[in-house]
Amino acid sequence: MSSANHLQDTALRYFLEVVQSGSVSLASQRLHVAMSAISRQIGGLEAHIGTPLFERHARGMVPTPAGDILARHARRIGLEAEQAVEAIRALHSLQSGAVRIATSDAFANELVPDVCAQFQRDFPGVRFEVLVSSTSQVSRHVLMGDAEIGLCFSLAPVPGLRVVHRQSAPVVAVLPPGHALARRRSISLAELTRHPLALPPAETAVRQVIDMACARQDLELNPVLVSNHVKTLLKYVMHSGAASVSSEVSVRHLVASGELIVKPLSDAGMDVRDIEVQALADRSPQPATAAFQELLIARLQGA
């Protein structure tokens with residue numbers, strides 16, 4: 001007997017089985033319950049309601065109009081009972097287990113650990129494994145089964161992966177509050193290159209966007225510091241007064257604290273990148289993974 005059956009009234013379960021099978025004898029076989037017990041429960045229902053629920057024919061039991069109404073009610077109760085059991089089981093599965101995430105450096109310093117901590121406040125039994133690597137390696141980790149969730153900037157479609165969530169991630173200028181360009185509503189790359197710059201290396205997606213835009217304008221980039229570590233770039237900007245480039249999500253926490261500011265870049269092509277939450281195309285996530293994925297997407301959207 002399923003768990004949902006335990007949440008239904010015995011008389012209703014017996015009644016509905018007779019409706020579905022068309023006879024007390026067949027219902028008895030399916031339920032493994034004596035015919036007399038089924039008849040007694042149905043008789044009790046009819047006495048309580050005050051009207052017959054079946055017409056007894058030689059070919060079997062046929063619900064009366066009142067029986068049809070009660071059958072619809074019983075089916076609805078059965079469905080609600082099944083949904084309740086599924087919800088309880090899903091809740092139980094959120095109390096333990098592991099969520100494995102592959103992410104690029106831009107999200108590893110603040111967003112991912114913060115979302116993990118927020119999730120564990122509600123579900124303290126859930127553990128996390130976080131792999132930090134380049135964007136191309138993030139997708140590979142998901143494909144190889146090293147992680148159920150991939151978080152990175154988009155490059156190109158990857159066969160076998162499903163994009164669960166995508167949102168625009170335009171490149172913005174990152175400045176300390178006292179920078180000479182801090183009062184501008186937006187900044188051009190031509191203006192930005194006149195000031196000391198701390199930039200990610202040429203192989204990164206954000207640097208490629210900047211390099212292509214600069215090449216179209218014959219702008220020369222001479223960064224005073226290059227690092228593949230986002231935190232190093234941002235700390236250098238805070239301590240030195242230089243500028244950098246990033247996505248808004250990567251520096252949202254520092255902007256909120258007043259340590260840095262961001263300005264839109266007015267050049268064309270700054271919005272070609274997207275943020276992607278990736279998963280395997282042919283696999284449904286476990287409840288804990290699915291719940292964490294929902295929270296992660298909400299935080300990406302600024303909720």
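Predicted model, so just to flag it, every value in this text is computed and none were measured.
The distance from the CG atom of Leu26 to the CD atom of Gln20 is 10.5 Å, given to the nearest 0.5 Å. Atom CG of Leu161 and atom CZ of Arg140 lie 12.5 Å apart (nearest 0.5 Å). Atom CD1 of residue Ile275 and atom CD of residue Glu248 lie 8.0 Å apart, to the nearest 0.5 angstrom. To the nearest 0.5 Å, atoms OG1 (Thr289) and CD1 (Ile101) are separated by 8.5 Å. Atom CG of Leu12 sits about 5.5 Å away from atom NE2 of His73, to the nearest 0.5 Å. Considering CD of Glu129 and CD1 of Ile149, their distance stands at 12.0 Å, rounded to 0.5 Å.
Distance alone, capped at 3.5 Å, is enough to place a donor-acceptor pair between the Lys263 side chain and the Arg184 backbone. Between the side chain of Glu46 and the backbone N or O of Leu53 there is at least one donor-acceptor pair closer than 3.5 Å. The closest donor-acceptor contact from the side chain of Thr204 to the backbone of Pro201 lies under 3.5 Å. Side-chain N or O atoms of Glu191 include one that pairs as donor or acceptor with a backbone N or O of Ser188 at under 3.5 Å. Side-chain atoms of Ser28 come within 3.5 Å of backbone atoms of Val33 as a donor-acceptor pair (strictly under, hydrogens ignored). Ser266 places no side-chain N or O within donor-acceptor distance of the main-chain N or O of Ser186, the cut-off being under 3.5 Å. Without hydrogens or angle criteria, Gln208 side chain to Glu203 main chain gives a donor-acceptor distance under 3.5 Å.
Counting non-hydrogen atoms of neighbouring residues, nucleotides and ligands closer than 6.0 angstrom, the CD atom of Gln137 exceeds 12 such neighbours. Heavy atoms from other residues, nucleotides or ligands lying under 6.0 Å from NE2 of His48 number 12 at most. In Arg283, the CZ atom is not crowded: 12 or fewer heavy atoms of neighbouring residues, nucleotides or ligands sit closer than 6.0 Å.
Taking each heavy atom of Gln120 and Arg127 in turn, the nearest pair found is NE2-CA, 4.3 Å. Summarising the geometry of Tyr236 relative to Ala198, their closest heavy-atom pair is CD2-CB, 3.7 Å, with the distance given to 0.1 Å. Among all heavy-atom pairs drawn from Arg100 and Asp146, the shortest one is NH1-O, 3.5 Å. Val138 and Thr103 make their closest contact through CG2-C, 3.4 Å (heavy atoms, listed as atom of the first residue, atom of the second, distance). Heavy-atom minimum distance, Ser168 versus Asp274: CA-OD1, 3.4 Å. Summarising the geometry of Cys152 relative to Phe107, their closest heavy-atom pair is CA-CE1, 3.8 Å, with the distance given to 0.1 Å.
Considering only heavy atoms from C-beta on, Met270 comes within 4.5 Å of Leu189 through its side chain. Here the side chains of Thr64 and Thr51 are not in contact, with every heavy-atom distance at 4.5 Å or above. Within the 4.5 Å cutoff, side-chain heavy atoms of Leu45 are placed close to those of Leu70. For the pair Leu260 and Met238, the minimum side-chain heavy-atom distance is below 4.5 Å. Looking at heavy atoms from C-beta onward, Val19 lies out of side-chain contact with Asp68 at the 4.5 angstrom threshold. Residues Val262 and Arg252 fail the side-chain proximity criterion, which asks for heavy atoms closer than 4.5 Å.
Note: Phe119 and Phe292 have perpendicular aromatic rings, judged against thresholds of 30 and 60 degrees for the angle between ring planes.
For Arg273, the side-chain hydrogen bond (donor to acceptor under 3.5 Å, both in side chains) criterion is met by no residue, not counting sequence neighbours. Remark: Ala215 engages no residue in a side chain to side chain contact (heavy atoms under 4.5 Å, CB included) (not counting sequence neighbours). Partners of Gln278 according to the side-chain hydrogen bond (donor to acceptor under 3.5 Å, both in side chains) rule, which considers only residues two or more places apart in sequence or in another chain, are Ser139, Glu276.
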(request) Report the C-alpha distance between Leu300 and Gln167 in whole Å, list the side-chain angles of each, state the deciding distance to 0.1 Å, and finish with yes or no for side-chain contact (heavy atoms from CB on, under 4.5 Å). (result) CA-CA 8 Å; Leu300 282 169; Gln167 70 184 57; 3.5 Å; yes

(request) Give the C-alpha distance, both sets of side-chain angles, the deciding distance and a yes or no for side-chain contact (heavy atoms from CB on, under 4.5 Å) between Leu175 and Leu192. (result) CA-CA 10 Å; Leu175 312 167; Leu192 198 64; 4.3 Å; yes

(request) Determine, step by step, whether Tyr14 and Val24 satisfy the side-chain contact (heavy atoms from CB on, under 4.5 Å) criterion, reporting the C-alpha distance in whole Å, the side-chain angles of both residues, the deciding distance to 0.1 Å, and the verdict. (result) CA-CA 9 Å; Tyr14 290 3; Val24 173; over 6 Å; no

(message) Apply side-chain contact (heavy atoms from CB on, under 4.5 Å) to residues Leu16 and Arg75 and explain how you reach the verdict.
(response) CA-CA 8 Å; Leu16 190 57; Arg75 290 190 185 98; 3.8 Å; yes

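A salt bridge is defined here as a Lys NZ or Arg NE, NH1 or NH2 lying under 4.0 Å from an Asp or Glu carboxylate O, and Arg299 with Asp114 meets this definition. Ion pair Glu17/Arg13 not flagged as a salt bridge, since none of the NZ, NE, NH1 or NH2 atoms sits closer than 4.0 Å to an Asp/Glu carboxylate oxygen.
Residue Leu233 is tested with Val251, Leu225, Leu199 for a side-chain contact (heavy atoms from CB on, under 4.5 Å); the sole match is Leu225.
Hydrophobic clustering keeps Met144 apart from Val164 (ILVMFWY residues linked when any side-chain heavy atoms are closer than 4.5 Å, directly or through intermediates).
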